[in-house]
Number of protein chains: 2
Amino acid sequence: MAETNVEWLTPKEMATRCGISPETLRYYEQEGLLNVVARNAGNQRRYDADDVAWVEVLRCLRVTALPIRELKRFAELVRQGNDGLAGRIDLLKAHRREVLAQRRALDGALKMIAHKIDVYAQQLDSVPPVDTHGMNTTPTLRGQGVRRAL
Amino acid sequence: MAETNVEWLTPKEMATRCGISPETLRYYEQEGLLNVVARNAGNQRRYDADDVAWVEVLRCLRVTALPIRELKRFAELVRQGNDGLAGRIDLLKAHRREVLAQRRALDGALKMIAHKIDVYAQQLDSVPPVDTHGMNTTPTLRGQGVRRAL
DNA sequence: GCTTGACCCGAAGTGCACTCCAGGTTGTCT
DNA sequence: AGACAACCTGGAGTGCACTTCGGGTCAAGC
């Protein structure tokens, strides 16, 4: 295993390159996400540059929480060639909407986290009265069946 | 169930308010994420504004993929009051790093998705030669044991 | 040619985060 | 008072995405 700049990659090399374990790569293949990976004379997998490119696409979609089921659908649409083109565009556009929503959620959470860190940091160097941060430490009976307006 | 502006919320109302099912809320409570929720005389849960605030924090952390295990740790640190303050800051700072990494991944993926959509759209109104997008449709034998350099 | 590590396969197992179920109680409405 | 929804509990079940296992094959260095 001296050469690295070659025409194909072994499963292990592929795993390192793509950041996906060989087992997962086999799993993806068996789920029909990869379509026919080439083999050598001894039946061992040989991944090529196209495989790498495709797996990178899959990884992008996976890390943005596209379920395997959808990846399958996408792979199927690719297999259909031009017939699947419109479907692929639809799928990607729908997913993009999802990802944009995720990013909004992330940004909201980041704001909240930053705020909490600030508040905590201030408390840390002023050793203030205890802040329970919304967690009840002293449960009380509330609501005996009749509602009291605020 | 005419009143809505009251001092407490039933499980169902709480679920609607927080976007988390009553079952999940019970599950969180039982996992020690919520600490002692108040009950009415008939043993039914009554969530108050503090509960809402805290669950919103939990939800922020969960949607950014903080595992339940960490939420538990965080809740425990809150329970410890000032003794847990430093730990809470550490936890949130570590998580913030994670979330920032997530956002970078998201942005990378968005770029890729946008690019693919462009490429596909162009193909769509030019009906070009088939693009397999890195998926092998015609497997070939490669590598009989001897490596060929590129 | 023998060892050692990488690889093959199908099948079973794992961890996470819920989600549902059965059987019983409570609350509200008419 | 009767009907009906919402609630309670402990425990079992689900879906997802891997991950591990067992038993065998392959390949590269000494």
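Proteins get letters first, then strands, A, B, ... in listed order; numbering begins at 1 in each.
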Checking B/Glu56 now: which residues fulfil side chain to side chain donor-acceptor pair (under 3.5 Å) with it, not counting sequence neighbours? none

Would you kindly give the CD-to-P distance between A/Glu13 and D/dA28, to the nearest whole Å? 11 Å

Residues B/Asp51 and B/Arg46 bridged, charged N to O under 4.0 Å: no

Going by the rule side-chain contact (heavy atoms from CB on, under 4.5 Å), which residues pair with A/Glu29 if we only count those two or more places apart in sequence or in a different chain? A/Leu34, A/Val37, A/Arg39, A/Arg45, A/Tyr47

List in chain and number order the residues that pass side-chain contact (heavy atoms from CB on, under 4.5 Å) with A/Leu92, two or more places apart in sequence or in another chain; answer none if no residue qualifies. A/Leu61, A/Phe74, B/Ile113, B/Lys116, B/Ile117, B/Tyr120

What is the distance, rounded to the nearest whole Å, between atom CG of B/Leu58 and atom C1' of C/dA17? 14 Å

OP1 or OP2 of D/dA6 sitting under 4.0 Å from any side-chain N/O of B/Thr10? no

When you check the phosphate oxygens OP1 and OP2 of D/dA27, does a side-chain N or O of A/Asn40 lie under 4.0 Å from one of them? yes

A/Glu31 CD to C/dG10 P, straight-line distance once rounded to whole Å: 12 Å

Rounding to an integer number of Å, can you tell me how far A/Glu29 CD sits from C/dC7 P? 14 Å

Indicate for each nucleotide in nucleotides 9-22 of chain D, in 5' to 3' sequence, whether protein heavy atoms under 4.0 Å reach the base (B), only the sugar-phosphate (S), or nothing (-). B-------BBSB--

Partners of B/Ser21 by side chain to side chain donor-acceptor pair (under 3.5 Å), sequence neighbours excluded? B/Glu23, B/Thr24

Test salt bridge (Lys or Arg N to Asp or Glu O under 4.0 Å) applied to A/Lys72 - qualifying residues, sequence neighbours left out: A/Glu31

